[in-house]
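First the structure, in the form of structure tokens, and then the observations on it.
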Amino acid sequence: MTSQNLFSNLGKSRIFKNRSVLVSDFVPLTLPHRENEITRLAQIMSPALNGTRPNNIFMYGLTGTGKTAVAKYVSNMLTDEANRRGSPATVIYVNARKDDTSYRIITQIGRLLDLKLPFTGLSVAEVYSRVVSRIDKRGGMIIITIDEIDNLIRESNLNLLYKLSRINSDLRNAQVSLIGITNDARVLEVLDPRVKSSLGEEEIVFAPYNAEQLRDILHARVHDAFVEDSLEDDVVPYVASLAAKDHGDARKAVDLLRKAGEVAERLNSNRVTIDHVKQALSEIEVDTTLEIVTKLPLHSKLVLASALELQNKKEIVVTGDIYTGYIMLCKKTGLEPLTSRRVSEILNELDMVGIISTKILNRGRFGRTKRVVLNIKPTNILEALKKDDALKIM
DNA sequence: CTTCCACAGGAACCAGCGGACC
DNA sequence: GGTCCGCTGGTTCCTGTGGAAG
């Protein structure tokens, strides 16, 4: 036994210099390939500095295209500049997925304006009017950013959105601008045209990154995140090309790189290799499968279980087979089966979340049906399904 | 050319429930 | 603390459909 401290080598990474740079909510100092969006947003928001209300803004784009990062980046710059000039402009940021009801959103907005609010007991209307008077008392420009606003639209919380879109008519000494961020532009269609046009006074669209751009983004972070020379040269291009194939999602790319680093670390390796990336990829798949499948409603799990069983027995698996298998599983578990109409819908849902893919098949005399293929390794699915007590029998 | 399969998926409807509102 | 409202997750009933078989 040496007298060396047990901990002297623990907690000191050979791979990471600063792992937090690769965590998804980190806002980097530079945002490569988003210069246009940044200047555009800055231009739209700039009137706030002279006390003029900026137009409301809608920002669309698929996940991992930098919407949130750009919004936070420009917001930080704006508040800095406002402070420097002594002109009162405040930017607040809320996330409608984290705070997924009208009540939570509006209280969160209130809290960010230093308003003390109970977490329950008041009606939304009451909190809203308190927030309004708070804003009015404070005066000046307030910019409210609502990220993942689609949740607010779907959650039948349209009322709040409607109120917010015309909040300025309730204010005398202050003005409010809204920034809405969403990755699902379709949700806008359900909005009242007036709300829609009010929120969408300006629009910024974020295109997916291509492989080359993703490479730049990763490189920009690698320097801060990793110990010098701890990445093999082909790792970043490889990660970038994988992410580019998958809708150009920068967040996924960054996650994958971090996970690869963690794998390398765990294996006591000095450098991150492509093999580590591959392993990281499969670990991510296991994690997401587990997350998706365990959260599925029981009947969806049974449908999936039926599809899983058939996968081994048959070349081509279609809706009808799955349904009969599903009925048998229901009998075994003593559950009342759902109708085939609903099961057909469940298959579509499973397709949406990406566990299976389906394709309509016309087999002439043998009818029109849907072919189902599992997208994920059966063992992973089985593992996840077994977490459910009702499915222990499988 | 016609028939007819095996479903897809739209439409209308319904029970149940949580939340808004008074 | 009751009532109303709109949504969710289902049901029933239905029409539509591409192409192999006859």
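The figures here come from the full heavy-atom set of this structure, side chains too, leaving out hydrogens, waters and symmetry mates. Remember, it's a predicted structure, so these values are computed and weren't measured experimentally. A note on names: the letters A, B, ... follow the listed sequences, proteins ahead of strands, and every chain is numbered from 1.
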Just how far, in rounded Å, is [atom2] of [N] from [atom1] of [X]?
| X | N | atom1 | atom2 | result |
| --- | --- | --- | --- | --- |
| A:Ile322 | B:dC7 | CD1 | P | 10 Å |
| A:Leu298 | C:dG9 | CG | P | 14 Å |
| A:Leu347 | B:dG9 | CG | C1' | 13 Å |
| A:Arg341 | B:dC14 | CZ | C1' | 16 Å |
| A:Leu338 | C:dT12 | CG | C1' | 14 Å |
| A:Ile360 | B:dA6 | CD1 | C1' | 12 Å |
| A:Ile106 | B:dA20 | CD1 | C1' | 15 Å |
| A:Glu336 | C:dG9 | CD | C1' | 16 Å |

Any [X] side-chain nitrogen or oxygen under 4.0 Å from OP1 or OP2 of [N]:
| X | N | result |
| --- | --- | --- |
| A:Arg368 | B:dC5 | no |
| A:Ser344 | B:dA8 | yes |
| A:Lys370 | B:dA6 | no |
| A:Thr339 | C:dT11 | yes |
| A:Asn362 | C:dA20 | no |

>> Heavy atoms from C-beta onward define the side chain here; which of C:dG18, C:dC13, C:dA20 lies closest to that of A:Phe366?
In response: C:dA20
> Quick one: which of A:Lys252, A:Arg251, A:Arg258 gives a salt bridge (Lys or Arg N to Asp or Glu O under 4.0 Å) with A:Asp255?
Replying inline: A:Arg258
> Is A:Lys67 close enough and on-axis enough to A:Tyr60, meaning under 6.0 Å and within 45°, for cation-pi?
Replying inline: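 Not satisfied by the 6.0 Å and 45° rule.
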> Taking the side chain from A:Arg34 and the backbone from A:Thr65, do they hold a donor-acceptor pair closer than 3.5 Å?
Replying inline: yes
> Is a donor-acceptor contact shorter than 3.5 angstrom present between the side chain of A:Arg365 and the base of C:dG22?
Replying inline: no
>> Please determine whether side chain to side chain donor-acceptor pair (under 3.5 Å) holds for the pair A:Asn173 and A:Lys137, giving the CA-CA distance in whole Å, both sets of side-chain angles, and the decisive distance to 0.1 Å.
In response: CA-CA 7 Å; A:Asn173 305 315; A:Lys137 219 169 171 185; over 6 Å; no
> When you check the gap from the basic side-chain N to the acidic O, do A:Arg266 and A:Glu283 get nearer than 4.0 Å?
Replying inline: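 Between A:Glu283 and A:Arg266 there is a salt bridge, with a charged N closer than 4.0 Å to a carboxylate O.
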